[in-house]
K.L.:
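My questions all concern the structure below.
None of these values were measured; they are calculated from a predicted model. FYI, the numbering just counts along the sequence from 1.
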Amino acid sequence: MKSESEMTILVIDDEQNIREGSQRILSRMGYGVLTASNGQDGLALVQAQPVSIVLLDLKMPGMDGMEVLTHIRLFDPEILVIVITGYATIETAIEAMKKGAYDFIPKPFEPDQLRIVINRARERLRLIDETRRLERERERNLADLGTEKSRIRTIVETLPNGVLVTNVEGRIALMNPAFRWLMEIEGEVPAGTPVESCISEAGLLQMIREVSKRKERNGAADAKYEFAVGEQKFLQAIAKPVWSESGECVGAVVNLTDITTMKLLDRLKNEFVAKVSHELRSPLSTIHEQLALVLRDMAEKESSRDQYLLSRAKEKTQGLISLIGDLLDLSHIEAGNVCKDRKPVQLAELLKNIVDFLGTKAKAKRQHLELELPQEPLPLIEADPMAIESIFGNLITNAIHYTQEEGRIIVRVSRKPAGEAAVSPAGKTADSTSPAPSSTEWIRVDVIDNGFGIEERHLENIFKRFYRVKNEKTRFITGTGLGLPIVKGLLDELGGRISVQSVPDQGSTFTVLLPVCAG
C-alpha cells in the first residue's frame, strides 16, 4: 500500500477556488496533488502519470464530468473517481455511481467533508492492495508445497481465514491459527476436544451441531451465521457438511471471516445516505410547500405555461422527497432499527384499513380494488404494524400504478397449512427469498392485478435497489425503484417470504407469506 506521499490525487474542476482549496487541504494531509481546469487537461494528466484518486467536477464547459468519468474508467478502472457537483441531486449521484464513480461530494464542501471522503477512498485502496497481497502470498505458498499431506496442512495453516473441522459428534478435528486468533482462543487446541470447550457463541455452536448431523444431501444452502467478538470485531461463519464416499455426513467444516471492515463501510455508507437525506429533505419540503402556495395564487390567472412549469417543478420535488424517504427507510432496515415493536397483529383489520385508504387512488383511475378475506377468522401474526402497513402499502400502490385505467386489483388472503406449496407452478416466478420451511404455518396474501405485467428477463432484478422496469407503457410512471427492496428487507426482518408471478400484458401476482404466531 502506498503512503500518502506516494499517492497522487488529481482535482479536475473549472473553478479556481475549488482547485486551490482542495490542493491546500490534500497537501496538508501529505498527498501529492495535481490540478486541471477542464476535462481534456485532466485526461492528459491521467494518461501521463500514475493517479490513485480523481476529484471530478460534473458540470464543466466543453467535456463534462460524465464524459471524463467514462474515459477514465476505460483507461484505468482501478482509479477511484469522486465526483464533485453543485447539483447534488440523488439522481446525479446514482447516475455517476452507475458509470463507475466511487463516491460523490456536493458543493460547497467543508474541509472535514473532503478529508472524510478521501480517507474513505484511501481505505478502499488499502483493502484492494491487501487482497492482492494475500492472493500473491497464497499462490506462493501453494507453489512451495511438497507432498499431498503437507500441501493440505500448509494450505489450512496459512489461510488468512479461520478454518475449523469437526466430526459428527461435535469434536474438533482441525483448527488453524487464524481461527484461534479470530476467536481469541489462546494456545493449541488438541484434536478430539469438544467444540463447546473453546467456543461460547451459542448461535455458532448450534449451527455447527446442525450441519455436523445433516442426514442427506438435499441441496440445502451453506449455513451462515454472523456474530460479534467483543465490541469492535465482527465475524461471519459459513459451515458445510463433510460427506464420506458412502454419502454419510461425517462432520462439518467451518470457514470464519473477519467482516469488521465491511460492517464499518456499511455503517459509513448508511450514515452518509442518512446525512445527505436529512440535509436534503428539509429544504426540498420547503420548496415543495412554497410551489404549492404559488400555484394556488396563480389559479385565477391564465398563464397556463407558467402553471405547467411550476406544476412540473412541484412534481419533481415531491419525487425527490419520496426518494429521500425511501433511502432513509432502507438505512433503518440495514441498521436493524425496524420491526422492534413486535406484537400480535390481526392482519385482516390492517389490510382493510390499507385498502380503504388506497381506494381513493384506485378510483381516480377508475380501477376496481377489492379485498377478499377467508370466511374463518385469521390467526394472529407476530409483527410490527408499521412494517405491515409499509409492505402492503407499497405492493398495492405498485399494483395501482402499473395497472391500466379500469383495471382490477384483488388483495386475496388465505391460510397456508404447513407443507403446502408457497406458489402455484403456473406462470413465470421469481422468489426473492429461500423456500419456506414446510413445518411452519403461514398466512398468505396475494396482491393480484391484470395490469402491464413484467417480462421474464426483469423478474430476477425487481427486488434490487433502483431497478425499474421501463417500456412504452411504464416509462411515464414516476417512482424511486426502492419500494420492492424495502418490502423484501422488512419481510426478511419479520421472517416472511415474497415471490412474484407475472405474464406481460396479463398482470402480476405478488405473494407474501407471514408466519403465524406459535401457540
Side-chain angles (χ1 to χ4, degrees), residues 7-26 29 31-47 50-125 128 265 268-280 283-284 316 320 323-324 327 465-466 480-481:
M7 290 181 59
T8 300
I9 299 176
L10 171 61
V11 182
I12 307 176
D13 197 300
D14 61 330
E15 294 183 34
Q16 183 177 356
N17 62 330
I18 294 292
R19 295 196 306 273
E20 292 177 351
S22 299
Q23 186 174 31
R24 283 195 302 272
I25 296 167
L26 297 174
M29 294 173 68
Y31 295 102
V33 184
L34 300 173
T35 62
S37 59
N38 57 65
Q40 290 87 347
D41 292 346
L43 287 176
L45 288 172
V46 168
Q47 295 170 0
V51 172
S52 301
I53 301 171
V54 174
L55 287 166
L56 175 62
D57 185 17
L58 286 183
K59 298 294 182 180
M60 296 185 293
M63 183 184 295
D64 68 12
M66 288 296 185
E67 186 177 356
V68 176
L69 172 61
T70 301
H71 285 294
I72 291 175
R73 297 293 297 166
L74 289 173
F75 175 74
D76 187 352
E78 294 185 0
I79 295 175
L80 297 187
V81 179
I82 301 168
V83 298
I84 309 172
T85 177
Y87 303 80
T89 63
I90 296 297
E91 287 89 347
T92 303
I94 292 169
E95 182 182 359
M97 297 295 188
K98 287 181 178 179
K99 290 191 175 183
Y102 167 70
D103 208 339
F104 83 99
I105 182 169
K107 293 180 183 178
F109 51 82
E110 298 294 330
D112 282 344
Q113 291 177 286
L114 181 59
R115 293 187 189 101
I116 289 171
V117 76
I118 291 297
N119 285 334
R120 192 157 54 226
R122 173 175 167 74
E123 177 65 14
R124 172 67 178 272
L125 292 173
I128 292 172
L265 290 174
L268 289 173
K269 178 195 68 176
N270 292 335
E271 290 174 354
F272 172 76
V273 170
K275 176 69 174 175
V276 171
S277 300
H278 278 297
E279 293 296 328
L280 288 175
L284 281 172
K316 291 299 182 182
L320 285 174
L323 176 60
I324 289 168
L327 283 170
R465 296 181 184 184
F466 303 110
T480 64

K.L.:
Among Val54, Asp64, Val81, find the one that has a side-chain contact (heavy atoms from CB on, under 4.5 Å) with Leu69.
P.N.:
Val81
K.L.:
Taking all non-hydrogen atoms of both residues, which atom of Asp112 and which atom of Arg115 are closest, and how far apart?
P.N.:
OD1-NH1, 2.7 Å
K.L.:
Closest heavy-atom contact between Arg19 and Val11?
P.N.:
CA-CG1, 4.2 Å
K.L.:
Measure the spacing between CG of Leu43 and CG of Leu45 and express it to the nearest 0.5 Å.
P.N.:
9.0 Å
K.L.:
How long is the straight-line distance from CG of Asn119 back to CG of Leu114, given to the nearest 0.5 Å?
P.N.:
9.0 Å
K.L.:
Testing the basics here: between Val68 and Gly39, what is the closest heavy-atom pair and its distance to 0.1 Å?
P.N.:
CG2-CA, 3.5 Å
K.L.:
How would you list, by chain and number, every residue that makes a side chain to side chain donor-acceptor pair (under 3.5 Å) with Asn38, sequence neighbours excluded?
P.N.:
Asp41
K.L.:
Would you name the heavy atoms of Ser22 and Phe109 that are closest together and state the gap between them?
P.N.:
OG-CZ, 3.8 Å
K.L.:
Side-chain polar contacts of residues 70-77 - donor-acceptor pairs under 3.5 angstrom, sequence neighbours left out - could you list them?
P.N.:
residue, atom, partner, partner atom, Å
Thr70, OG1, Met66, O, 3.0
Arg73, NH1, Pro77, O, 2.5
Asp76, OD1, Glu78, N, 3.1

K.L.:
Report the C-alpha distance between Asp13 and Leu55 in whole Å, list the side-chain angles of each, state the deciding distance to 0.1 Å, and finish with yes or no for side-chain contact (heavy atoms from CB on, under 4.5 Å).
P.N.:
CA-CA 8 Å; Asp13 197 300; Leu55 287 166; over 6 Å; no
K.L.:
Any chance you could measure Ile12, atom CD1, to Asp14, atom CG, to the nearest 0.5 Å?
P.N.:
11.5 Å
K.L.:
Side chains of Arg120 and Arg124: does their closest heavy-atom pair fall under 4.5 Å?
P.N.:
no
K.L.:
Stepwise, does the side-chain contact (heavy atoms from CB on, under 4.5 Å) test hold for Tyr31 with Ile118?
P.N.:
CA-CA 10 Å; Tyr31 295 102; Ile118 291 297; 3.9 Å; yes
K.L.:
Can you name the residues that form a side chain to side chain donor-acceptor pair (under 3.5 Å) with Glu15, not counting sequence neighbours?
P.N.:
Lys107
K.L.:
What's the shortest heavy-atom distance between Ile79 and Val51, and which atoms?
P.N.:
CG1-O, 3.3 Å
K.L.:
Determine whether Gln113 and Ile105 make a side-chain contact, defined as any pair of heavy atoms from C-beta on separated by less than 4.5 Å.
P.N.:
yes
K.L.:
Between OG of Ser37 and CD1 of Ile18, what distance do you get to the nearest 0.5 Å?
P.N.:
14.0 Å
K.L.:
Passes side-chain contact (heavy atoms from CB on, under 4.5 Å), Leu125 versus Ile53? Steps please.
P.N.:
CA-CA 9 Å; Leu125 292 173; Ile53 301 171; 4.0 Å; yes
K.L.:
What are the two closest heavy atoms between Val83 and Ala101, and how far apart are they?
P.N.:
CG1-CB, 3.9 Å
